[in-house]
Trainee: 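Can you read through this structure? Questions will come right after.
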There are 2 protein chains.
Amino acid sequence: MLVAVDLVVLTVRNDRLLILTIDRGVDPFRGQAALPGGFVRPDEDLLDAAERELSEETGLSELRVHLEQLATYGHPDRDPRRVISIAHLALVPDAADPTAGGDAAAARWTAVGDLLDDPGRLAFDHHRILSDGVERARAKLEYSPLATAFCSEAFTIGELRQVYEAVWDTEIDPRNFHRKVSKTPGFVVETGATTTRQGGRPAKLYRRGPAELLHPPMLRP
Amino acid sequence: MLVAVDLVVLTVRNDRLLILTIDRGVDPFRGQAALPGGFVRPDEDLLDAAERELSEETGLSELRVHLEQLATYGHPDRDPRRVISIAHLALVPDAADPTAGGDAAAARWTAVGDLLDDPGRLAFDHHRILSDGVERARAKLEYSPLATAFCSEAFTIGELRQVYEAVWDTEIDPRNFHRKVSKTPGFVVETGATTTRQGGRPAKLYRRGPAELLHPPMLRP
DNA sequence: CGTGTTATCGTCAAGACGACGATAAGAAAG
DNA sequence: CTTTCTTATCGTCGTCTTGACGATAACACG
């Protein structure tokens, strides 16, 4: 049985949640859009394989990418070659555009909303994997500080709020959000600096705090 | 690369969280305790394979078992034969004792606490898998009605509370728990019957309600 | 210097929570 | 039959959190 890893790579740009897709350069599904991924090497750990494929097929190899295992898909009919795939979820800050490589003919950011609305656009069972990955990301923003993975090293609370709004596709009251984030222990810590890059009154800059879990969690409306 | 499924099968009996372990009947680790599991057949879905192994190795094949995928373990050194394992989590009501079969020389319930305290007792990386499975179960009791999977079809709120206490290893105030459960929409519905099997005043019997997620969630102390 | 924009701090009422008192309804003991 | 014991169920109270929203602060721009 063949073993592969696939990647759901998400970022937030201009208040929209984007996912990285490639155009397949090989059969099956040659030419069709798909998630980046590839086979696991015999002496490779799964997470290492995911990291390698991310770097090979998309050129993204930042230090600041959050990578975790998502789920494994093994239905006998999901791939004519009988491949089981361990899908991974990657969250990256809004950074440079990807560059195709490996078995990928092209690599680009696509709006998640558009892909979710069109189940036939992605090859294999990748629509299902995408949908599971987005749901995982939405859920994790509730009880973990992972939203910071979409931000640059230092960020304002307003920028963090825009991440939540993009991923959850909702509007959040800026005042209540500010209160909640600053009162949740360990979520963010002040850097001391301020910025005006959002316009308006200068905002304090924060970086991610030490907390791994948020108590109490952020609540999706 | 070989592909297997392993199972973390949990139940609650006498206010303790128990896990199903087998004694391995074949090499490697012959004679040592391990999680039940086995290889996935070429034309089999992963969840089907987990269900089959549960039935083959332990004789548990109830309709009322909750089964979900947990995570996949693929470190190159985890098994000398280079096996990756898709671990599954099964929650079953306190029912008949298991009967060994397949590659298992014996099957029995073991206290989870004892196994967690002794990392060397289980074969392979099964201690890690067990620990991940227990943590998943603990987390899911917070935001899902899955605690009902440990109860019989009809249960009292007191019995449900004992499940929470066993899985979380805490004490919960019966009055606040009663208020919380009965006020969370869709968690439980009355059957109309009552029972005195817990002693004391007769308690109303409930069955699981339609909710898939609990809003607001139960909170671990 | 006004105006627009975002940040940050308060206020207030509604709801949820933890601690715990009180009553109810059965079984078992005397 | 009465007392006692046990568990179930309902209520109260003070505290904390939340959502809705007012008010002020501090910058850029024309």
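Residue numbering restarts at 1 for every chain, and letters A, B, ... go by the order of the sequence lines.
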Trainee: Could you list the residues that satisfy side chain to side chain contact (heavy atoms under 4.5 Å, CB included) with B:Ala90, not counting sequence neighbours?
Mentor: B:Val9, B:Val65, B:Leu67
Trainee: C:dT8 P sits how many Å from A:Gln198 CD, rounded?
Mentor: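 Interatomic distance, CD of A:Gln198 to P of C:dT8: 11 Å.
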Trainee: For the side chain of B:Asp173, starting at C-beta, report the closest nucleotide among C:dC20, C:dA16, D:dC21.
Mentor: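 The closest nucleotide is C:dC20.
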Trainee: For B:Asp173, is the CG atom crowded, meaning more than 12 foreign heavy atoms sit under 6.0 Å from it?
Mentor: yes
Trainee: Looking at residues 211-221 of chain A, who's got a heavy atom less than 4.0 Å off DNA chain D?
Mentor: none
Trainee: Listed in order of residue number, which residues of residues 139-169 of chain A have a non-hydrogen atom at under 4.0 Å from DNA chain D?
Mentor: none
Trainee: Could you state the CD1-P distance from A:Ile172 to C:dA7, rounded to the nearest angstrom?
Mentor: 13 Å
Trainee: Specify the separation, in whole Å, of atom CZ of B:Phe177 and atom P of D:dG11.
Mentor: 19 Å
Trainee: If you count the non-hydrogen atoms of other residues, nucleotides and ligands that lie under 6.0 Å from CZ in A:Arg108, is the total more than 12?
Mentor: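 Atom CZ in A:Arg108 is packed in, count exceeds 12.
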Trainee: Mind listing the N/O atom pairs, protein and nucleotides 23-30 of chain D, below 3.5 Å?
Mentor:
{"residue": "D:dA25", "atom": "O4'", "partner": "A:Arg201", "partner atom": "NH1", "Å": "3.4"}
{"residue": "D:dA25", "atom": "N3", "partner": "A:Arg201", "partner atom": "NH1", "Å": "3.3"}

Trainee: Output all residues satisfying ring-ring contact (aromatic ring centres under 6.0 Å, His included) with B:Trp109, sequence neighbours left out; order by chain, then residue number.
Mentor: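 Partners of B:Trp109 by the ring-ring contact (aromatic ring centres under 6.0 Å, His included) criterion come out as none, since no residue qualifies.
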Trainee: Restricting to salt bridge (Lys or Arg N to Asp or Glu O under 4.0 Å), what partner residues turn up for A:Arg220, sequence neighbours left out?
Mentor: A:Glu135, A:Glu142
Trainee: Choose from D:dT18, D:dA20, C:dC20 the nucleotide whose nearest atom is closest to any side-chain atom of A:Asn176.
Mentor: D:dA20
Trainee: Show me the pairs that pass ring pair (Phe, Tyr, Trp, His ring centres under 6.0 Å) and involve residues 171-209 of chain A, at least two apart or across chains.
Mentor: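 For residues 171-209 of chain A: A:Tyr164-A:Phe177.
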Trainee: Please report, rounded to the nearest Å, how far the P atom of D:dG19 is from the CD atom of A:Glu171.
Mentor: 15 Å
Trainee: Between C:dG18, D:dA8, D:dG19, which nucleotide gets closest to the side-chain atoms of B:Arg179?
Mentor: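 Ranking C:dG18, D:dA8, D:dG19 by closest atom to the B:Arg179 side chain puts C:dG18 first.
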Trainee: Test of understanding: with ring-ring contact (aromatic ring centres under 6.0 Å, His included), list the residues that count as partners of A:Phe124, not counting sequence neighbours.
Mentor: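 Partners of A:Phe124 by the ring-ring contact (aromatic ring centres under 6.0 Å, His included) criterion, ordered by chain and then number, come out as A:Phe29, A:His126.
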Trainee: Round to a whole Å and report the spacing from CD of A:Glu190 to P of C:dA7.
Mentor: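 The answer, rounded to whole Å, is 15 Å.
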Trainee: Salt bridge (Lys or Arg N to Asp or Glu O under 4.0 Å) with A:Asp94: which residues, sequence neighbours excluded?
Mentor: A:Arg13
Trainee: Checking the side chain of A:Glu57 only, and the main-chain atoms of A:Gly37 only, is there a donor and an acceptor separated by less than 3.5 Å?
Mentor: yes
Trainee: Distances under 3.5 Å only, N/O to N/O: pair up the protein atoms with those of nucleotides 28-30 of chain C.
Mentor:
none

Trainee: Can a side chain N or O of B:Lys204 be found less than 4.0 Å away from OP1 or OP2 on D:dT9?
Mentor: no
Trainee: For B:Asp15, what residues pass the salt bridge (Lys or Arg N to Asp or Glu O under 4.0 Å) criterion, not counting sequence neighbours?
Mentor: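 With sequence neighbours excluded, B:Asp15 shows a salt bridge (Lys or Arg N to Asp or Glu O under 4.0 Å) to no residue whatsoever.
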Trainee: Are side-chain heavy atoms of B:Leu70 and B:His88 found at a separation under 4.5 Å?
Mentor: no
Trainee: Any non-hydrogen side-chain atom of B:Asp118 less than 4.5 Å from a side-chain atom of B:Asp114?
Mentor: no
Trainee: Between P on D:dT9 and NZ on B:Lys180, what's the gap in Å once rounded to a whole number?
Mentor: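 Between P of D:dT9 and NZ of B:Lys180: 18 Å.
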Trainee: Between B:Arg197 and B:Glu159, does at least one N-O distance fall below 4.0 Å, as a salt bridge requires?
Mentor: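 Here B:Arg197 pairs with B:Glu159 in a salt bridge, since their nearest N and O are under 4.0 Å apart.
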Trainee: Any side-chain N or O of B:His178 below 4.0 angstrom from OP1/OP2 of D:dT9?
Mentor: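 It does, given that an N or O in the side chain of B:His178 lies less than 4.0 Å from OP1 or OP2 of D:dT9.
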Trainee: Side chain to side chain contact (heavy atoms under 4.5 Å, CB included) with A:Arg128: which residues, sequence neighbours excluded?
Mentor: A:Tyr73, A:Asp132
